[in-house]
Amino acid sequence: TPSLATVQDQSDDDGTGDSDPTVVNVVPAPSLGVTKTFVSSTQLFPTIEQATFQIDVENTGNIIQTGVSLTDDLVAMLAPDGTLLNAVYPPVVTASGFASGAANAAFDGAAVTELLSGNPTLAPGDIGTVSVTFTYQIPFGAPFAATNLASAVSDQLTTPATGTAP
């Protein structure tokens, strides 16, 4: 059942035998929840910071979700005044909790915004966690109010689920 409750069969539809199977159709309801959380920040130089965020993706639906895709566009987050320093300080990505998936070693936060590789899969109720550490520069005196957004979809859910962090 969608709530993972026990179903008991007490029917005997045709009158023969002790019990005939009761067919229950469960309507697939794919759903993902995304939570992006600020973990830490370290000032490397007066205008250069290194930040770490954690992104949790939970399968809140009632079916297994395959092909989970999680994106984070760091350049868009830092715009208009910030600069991602991915050439000098490549982002570090780790992933856990996804069956058949791993961290995408090609992630650079700019041209490649996909955080996962393989065929990431989540069973109902499972949570996959991604940690991303990146380095950026903000000019002295520049205002910085980022829209820090991560988005997830799957083969079963094509409408993005999003999570934001300050």
Side-chain angles (χ1 to χ4, degrees), residues 1-4 26-44 47-87 89-139 142-166:
T1 69
S3 64
L4 302 178
V26 177
V27 177
S31 178
L32 294 171
V34 178
T35 305
K36 187 170 185 181
T37 307
F38 171 77
V39 176
S40 66
S41 179
T42 303
Q43 185 176 19
L44 303 179
T47 61
I48 298 177
E49 298 272 334
Q50 185 174 66
T52 300
F53 287 86
Q54 177 176 309
I55 306 164
D56 293 320
V57 180
E58 181 178 6
N59 183 350
T60 54
N62 65 350
I63 60 172
I64 293 173
Q65 299 207 43
T66 59
V68 176
S69 170
L70 179 62
T71 58
D72 194 358
D73 186 340
L74 300 178
V75 171
M77 179 196 77
L78 294 168
D81 297 313
T83 303
L84 180 65
L85 301 177
N86 58 349
Y89 303 96
V92 176
V93 180
T94 61
S96 62
F98 296 93
S100 305
N104 183 2
F107 175 82
D108 67 5
V112 179
T113 60
E114 175 59 52
L115 290 160
L116 299 170
S117 64
N119 183 24
T121 302
L122 289 172
D126 282 358
I127 299 173
T129 299
V130 173
S131 173
V132 60
T133 300
F134 60 96
T135 305
Y136 62 96
Q137 182 174 21
I138 299 292
F144 186 62
T147 301
N148 195 346
L149 178 74
S151 299
V153 294
S154 72
D155 293 340
Q156 294 73 32
L157 182 69
T158 57
T159 302
T162 60
T164 60

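In this chain, residues are counted from 1 in sequence order. The shown structure was predicted, so the numbers you read here are calculated from the model rather than taken from an experiment.
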Heavy-atom check, side chain of [X] versus side chain of [Y], under 4.5 Å:
X      : Y      : result
Asn104 : Leu115 : no
Asp56  : Thr129 : yes
Thr35  : Thr37  : yes
Thr113 : Leu74  : no
Gln156 : Thr66  : yes
Thr52  : Ser131 : yes

_Side-chain donor-acceptor pair present, Asn59, Gln65, cut-off under 3.5 Å_ = yes
*Fit a plane to each ring of Phe53 and Phe38, take the angle between them on a 0 to 90° scale, and name the class: parallel (under 30°), tilted (30 to 60°) or perpendicular (over 60°).*
perpendicular
Work out which heavy atom in [X] is nearest to a heavy atom in [Y]; give both atom names and the distance.
X      : Y      : value
Pro160 : Val153 : CA-CG1, 3.6 Å
Leu157 : Leu32  : CD2-N, 3.6 Å
Ala110 : Asn86  : CB-ND2, 3.8 Å
Ala152 : Val57  : CB-CG1, 4.3 Å
Ala103 : Val93  : CB-O, 3.4 Å
Ala95  : Ala102 : CB-C, 4.0 Å

Supply the atom-to-atom distance [X] [atom1] to [Y] [atom2], rounded to the nearest 0.5 angstrom.
X      : Y      : atom1 : atom2 : answer
Phe107 : Thr71  : CZ    : OG1   : 9.0 Å
Gln54  : Thr94  : CD    : OG1   : 8.5 Å
Phe134 : Asp108 : CZ    : CG    : 13.0 Å

*Is there a side-chain contact (heavy atoms from CB on, under 4.5 Å) between Thr164 and Lys36 once you walk through the steps?*
CA-CA 5 Å; Thr164 60; Lys36 187 170 185 181; 5.9 Å; no
Check: residues 118-127 side-chain donor-acceptor pairs under 3.5 Å, at least two apart:
from, atom 1, to, atom 2, distance (Å)
Asn119, OD1, Gly67, N, 2.8
Thr121, OG1, Asn119, O, 3.0

*Other residues, nucleotides, ligands: >12 heavy atoms within 6.0 Å of Ile48 CD1*: yes
_Short side-chain to backbone donor-acceptor contact, Glu114 and Leu70, under 3.5 Å_ =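 Present.
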_Those residues that, when tested against Gln50, pass side chain to side chain donor-acceptor pair (under 3.5 Å) (two or more places apart)_ = Thr135
